[in-house]
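Shown next, in structure tokens, is the structure this report addresses.
For clarity, every value in this text was computed on a predicted model and none was experimentally measured.
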Amino acid sequence: MTAKEVDWIEGIGMGEKDDTILAFTKKSINGPLVSSDILDTKILVPRPSIEVRGKLRLEGLRLMTQSLKDSQWYELRINIYDSMGEYQKHYDRLMFILSKLEMGMVLGESWTKDYAVLLYSVMTYQVRLFTFFTPQEVKRILAALEYTIDGKRLVDFDLYHKNKKFLGLMLVRLIEK
């Protein structure tokens, strides 16, 4: 038997002792789910769950990539700069949002130099992110994290894609005017 699309009841009836039913959701699986969060598509796999989990661990990234519109992941660098030196606070906020929004995988982190003005370097903390979110989407989120609700700037998050600083749509539109 090969894997087959089923509903819950049908899958339970057709399945045997070591079969697995895979269910899907668009919600985060890090928190509670209710039955309405589960998508209609369920798949009955004629393999034990431990084997299915192992296979998904090994091939899950490739399967996710194939399911993307353009099979496109983005490798982005986020530089955190805070003139007050509260890097840990802003790093924690950034990691919290990246995690809650399930934005991708952090590939690495390190201190690096960034050039604020020609020939003037400042130390920034850099996070390398592998994500399926576009640079535009990530920049919007970073821009929101830079300010308090009353408009006070807390931190500077610079986004780099393909070794170029990503300015975002709003800034590009201002420059064009």
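- A donor-acceptor pair under 3.5 Å is formed between the side chain of Asp37 and the backbone N or O of Val34.
- To the nearest 0.5 Å, the span separating CD on Glu10 from CD on Glu5 amounts to 9.0 Å.
- With rounding to the nearest 0.5 Å, the separation of CG in Leu22 from CZ in Arg53 is 11.0 Å.
- Looking at every heavy atom in both residues, Ile43 comes nearest to Val6 through C-CG2, 4.4 Å.
- Taking each heavy atom of Tyr74 and His161 in turn, the nearest pair found is CD2-NE2, 3.6 Å.
- Residue Leu129 comes nearest to Gly104 through the heavy atom pair CD1-C, 4.2 Å, listed as atom of the first residue, atom of the second, then distance.
- Enclosure of atom CZ in Phe96 is not indicated, since only 12 or fewer non-hydrogen atoms of other residues, nucleotides or ligands lie within 6.0 angstrom.
- The closest side-chain heavy-atom distance from Leu63 to Leu56 is below 4.5 Å.
- Two residues are said to be in side-chain contact when any heavy atoms from C-beta on lie closer than 4.5 Å; Met95 and Val127 meet this criterion.
- With Lys152 contributing its side chain and Ile149 its backbone, the two residues share no donor-acceptor pair below 3.5 Å.
- Here the side chains of Ile97 and Ile141 are in contact, with some heavy-atom distance below 4.5 Å.
- With rounding to the nearest 0.5 Å, the separation of OG1 in Thr131 from CG in Leu107 is 10.5 Å.
- When all heavy atoms of Phe132 and Glu102 are compared, the closest pair comes out as CZ-O, 3.6 Å.
- Of the possible polar contacts, none joining the Lys4 side chain to the Thr2 backbone as a donor-acceptor pair under 3.5 Å is found.
- When side chains are defined from C-beta on, Gln72 does not count as touching Thr134, because their heavy atoms never get closer than 4.5 Å.
- Between the side chains of Tyr91 and Asp82, no donor-acceptor pair is found at a separation under 3.5 Å.
- Around the CG atom of Leu39, the shell of radius 6.0 Å holds more than 12 heavy atoms that belong to other residues, nucleotides or ligands.
- When all heavy atoms of Phe157 and Leu145 are compared, the pair lying nearest together is CE1-CB, 3.7 Å.
- At least one side-chain heavy atom of Leu76 sits under 4.5 Å from a side-chain heavy atom of Pro135.
- For the pair Thr25 (side chain) and Ile38 (backbone), a donor-acceptor distance under 3.5 Å is absent.
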For the pair Arg128 and Glu75, evaluate salt bridge (charged side-chain N to carboxylate O under 4.0 Å, His left out) and give the outcome as yes or no after the intermediate values. CA-CA 7 Å; Arg128 289 182 39 235; Glu75 185 175 349; 3.2 Å; yes
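- Linking Ile, Leu, Val, Met, Phe, Trp and Tyr whenever their side-chain heavy atoms come within less than 4.5 Å leaves Leu142 and Tyr147 in two separate clusters.
- To the nearest 0.5 Å, atom CG of residue Asp92 and atom CD of residue Glu86 are 11.5 Å apart.
- Residues Trp73 and Tyr160 fall into different hydrophobic clusters, defined by Ile, Leu, Val, Met, Phe, Trp and Tyr side chains chained together at heavy-atom separations under 4.5 Å.
- In the hydrophobic clustering of ILVMFWY residues, with side-chain heavy atoms under 4.5 Å counting as a link, Met123 and Tyr120 come out together.
- Residues Asn79 and Tyr125 fail the side-chain proximity criterion, which asks for heavy atoms closer than 4.5 Å.
- For Tyr87 and Trp111, the distance between ring centers is under 6.0 angstrom.
- Taking each heavy atom of Phe133 and Met103 in turn, the nearest pair found is CE1-CA, 3.5 Å.
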Arg47/Asp18 under salt bridge (charged side-chain N to carboxylate O under 4.0 Å, His left out): CA gap, chis, key distance, verdict: CA-CA 6 Å; Arg47 299 274 184 259; Asp18 286 328; over 6 Å; no
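- Rounding to the nearest 0.5 angstrom, the gap separating the CZ atom in Phe130 from the CE atom in Met105 is 5.5 Å.
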Run Leu159 and Arg77 through side chain to side chain contact (heavy atoms under 4.5 Å, CB included) and show every step you take. CA-CA 6 Å; Leu159 180 67; Arg77 291 176 297 142; over 6 Å; no
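- When side chains are defined from C-beta on, Asp158 does not count as touching Thr124, because their heavy atoms never get closer than 4.5 Å.
- Under the 4.0 Å criterion applied to side-chain N and carboxylate O atoms, Glu137 and Arg140 are not assigned as salt-bridge partners.
- Using a 4.5 Å heavy-atom threshold, the side chains of Tyr81 and Val155 count as separate.
- Atom CD1 of residue Ile12 and atom NZ of residue Lys42 lie 10.0 Å apart, to the nearest 0.5 angstrom.
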